[in-house]
Amino acid sequence: MFNIKTLISAAALTAALVAVPAVAQEADTHATPHIERQDWSFAGIFGTYDQNQLQRGFQVFREVCANCHSANLLAFRNLAEPGGPHFSEEQVKALAAEYEVADAAAEGGVRPAVPADRWPSPFANDQEAREANGGSVPPDFSVLAKARGVSDPFPTWIFNYFTAYAEGGPDYIHALLNGYREPPEGFELPEGKYYNEYFPGHAIGMSPPLSDDQITYEPGENGETVPQTVEQYSQDVSAFMMWLAEPGLVARKQTGFVVLLYLFAFAGLLWFTKKRIWKSVEH
Amino acid sequence: MSEHSTYQPGTGVEKWLDERLPVVRFAKEHLMDFPTPKNLNYFWTFGAILAIMLVVQIVTGIILAMHYTPNIAMAFNSVEHIRRDVNGGRIIQATHAVGASMFFAALYIHMGRNLYFGSYKAPREILYIIGVLIFILVMATAFMGYVLPWGQMSFWAATVITNIFAAIPVVGNPILELLRGGFAVDNPTLNRFFSLHYLLPFVVAALVALHIWALHVPGNNNPTGVDVKSSRDTVPFHPYYTMKDLFAIVVFAIPFAWFVFFIPDILGHPDNYVMANSQVTPAHIVPEWYFLPFYAILRAIDFNILFIDSRLGGVIFFAGSIVILLFVPWLDRSPVRSGTFRPLFKWFYWLFIINFLALAYLGAAPAEGIYVVLAKITTFYYFFYFLVVLPFLPMFEKPRPLPTSISESVLGKALP
């Protein structure tokens, strides 16, 4: 039989052990303003990517971000995979053919890309990238959405463990893309830098990359349109970047759901088995 | 131990085997018939949970090693390759990474149970010391494993932690260079860490075998701390504890799965998704949560003690905080094992637990302001508990009367 005291102390210990790493995160806060959470379709245990949003986000990435940022781990074929933007095979083939990749075996050293190729980098090497971007290499997009985060204040970080909220990365990217401001009085902005409210240190090398109506979204089949605003673009590209960093998210969460149901059922059966076995023992 | 065995070889084959290599007899004695106190609570299931966790880590680790490349230019992307392109790779990798945290969670509960119920006391000192050695090896293994993905935190954790050794006089620098395989953390460091990270779990497994052997000589302690008096106090390990442990393991797997499938990165640090770069220092270098209490002790000593400078002092306290565990069986002078019957000890014990959690918090806090003072106070109490409370408290404490046997305590509880 469960002893109430044992139960309480076990619960307290578990809670404490869960809280420690969380506390650790909290103590690690940066002095940035509060970053608003967005309503991501992929947050929480039932989260899935919105295919249309990922396709729009890919368009933003392709037309704007990819001019300076690489995405070395992205292969064209990934764009056709289920759980992602899920373009058709033909679309991806046609898309790849628009790009050229280096291939020592090909005539002239370059050939049109095929779906198996990786997304070509905008610069041949880091040095070139540095020269074109005021001395620093624009970070690679492959896992960038997971390499950024938001340090939540107490007690939000405790809830994150139970609501499975791990979307600090896209939240930060979205905030950053909307965070360009006039520098406050007395702030010394270095030459060639821009003031961003959410960037650590506030002086960011990237010029405001998005503006309203910069990218033309195709209307949906039923004539539905999506606003062509910085807000919408940044939402879409943040979602795309999350997919890029975590392409298996949907499958992972779906599997997790089945695994948890199984574990709960199995634990229940074992509990009754154990109770039955111990029935005749005073303990 | 053969007196517990009811094993009679049934068939001719079993008999033949029993006369040559009695593995079946051994399994029957130690895994099935072994007499186990009937009053163990759920804190006693963490031993079995830890055994399973070790198996999980070894199995997932072997699979990861098939796809991982220990080279500074390729390691980071090879881990991403596992997550993206290897069948089931994301789950296997997350299980291994989250598994390290779950391993430590179980390990700390197991150790906390041991300290409360006095399981380290005679005749279980060697059992306990082997346990401490396992703890030390698991810490070393986890640390080296954390370096392998070669992210920013991997690199800087390796730099900071190996640097600790440089504080040791005379031999410090040679040890540092031996650990790193050079003057700075680089490819040779990654290679030797990978090699050792693969080796040490098997050493741990061997120590676990000794740990269980040493357990099966005196048998389990129990919540009353009273020795087993007769067979009425015990039940055979199987099916009573096999089923109870299995239930606990499956319950433990629920939060484990929650982390693996829904929040695999929440216990890590975003900076570790940035590839290691020796030219860029992260704003905050924070070790994994399970090292934080000891990291806090390391940082708490920021003053010179006589001729010992603060750096060496920190290392001495850091090492001392772990080495002191080896002496606990002789530091504790109380003849009563279980904290349940020690009215004063309880208070000091729970304060120690709170203090340990506070140390973890301070390990992650910036070393400034009030945190510095608190780190010193908590470090002081950590040592005070072992060096003063355990040896001297029994002089002032009157333990509550002990039950004469396990059965009596069980029946006493059951009666209204």
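Quick caveat, the model's predicted, so the values are computed rather than measured. Numbers restart at 1 for each chain; the letters A, B, ... are given by sequence-line order, proteins then strands.
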A:Trp278 six-ring face occupied by A:Lys274 cation (under 6.0 Å, within 45°): yes
Interface residue of largest heavy-atom contact number with chain B, from A:Gly248, A:Pro247, A:Ala166, under 4.5 Å: A:Pro247
B:Asn272, part contacting chain A, at a heavy-atom distance under 4.5 Å: neither
Under 4.5 Å from a heavy atom of chain A, the part of B:Tyr295 involved: neither
Within 45° cone of A:Phe199 ring axis and under 6.0 Å: A:Lys193 NZ or CZ: no
Geometric class of the A:Phe58/A:Phe240 ring pair [parallel <30°, tilted 30-60°, perpendicular >60°]: tilted
Interface residue of largest heavy-atom contact number with chain A, from B:Ser407, B:Ala253, B:Pro264, B:Ala248, under 4.5 Å: B:Pro264
Most contacts with chain B, counted as non-hydrogen pairs under 4.5 angstrom, among A:Leu260, A:Thr255, A:Leu269: A:Leu260
Check: B:Tyr349 side chain, B:Gly112 main-chain N or O, donor-acceptor pair, under 3.5 Å: yes
Residue part contacting chain B, namely of A:Val143, when any heavy atom lies under 4.5 Å: both
Aromatic ring pairing B:Phe155/B:Trp150, orientation class (parallel under 30°, perpendicular over 60°, tilted between): perpendicular
Geometric class of the B:Tyr116/B:Trp350 ring pair [parallel <30°, tilted 30-60°, perpendicular >60°]: tilted
Side chain, backbone, both or neither of B:Ile254 within contact of chain A (heavy atoms, under 4.5 Å): both
For chain A, the option from B:Asn39, B:Asp85, B:Leu40, B:Ile354 that forms the most heavy-atom pairs under 4.5 Å: B:Asp85
Heavy-atom pair count under 4.5 Å with chain B, highest-scoring of A:Asp140, A:Asn78, A:Leu73: A:Leu73
Cationic tip of A:Arg37 above A:Tyr165 ring, under 6.0 Å, 45° of axis: yes
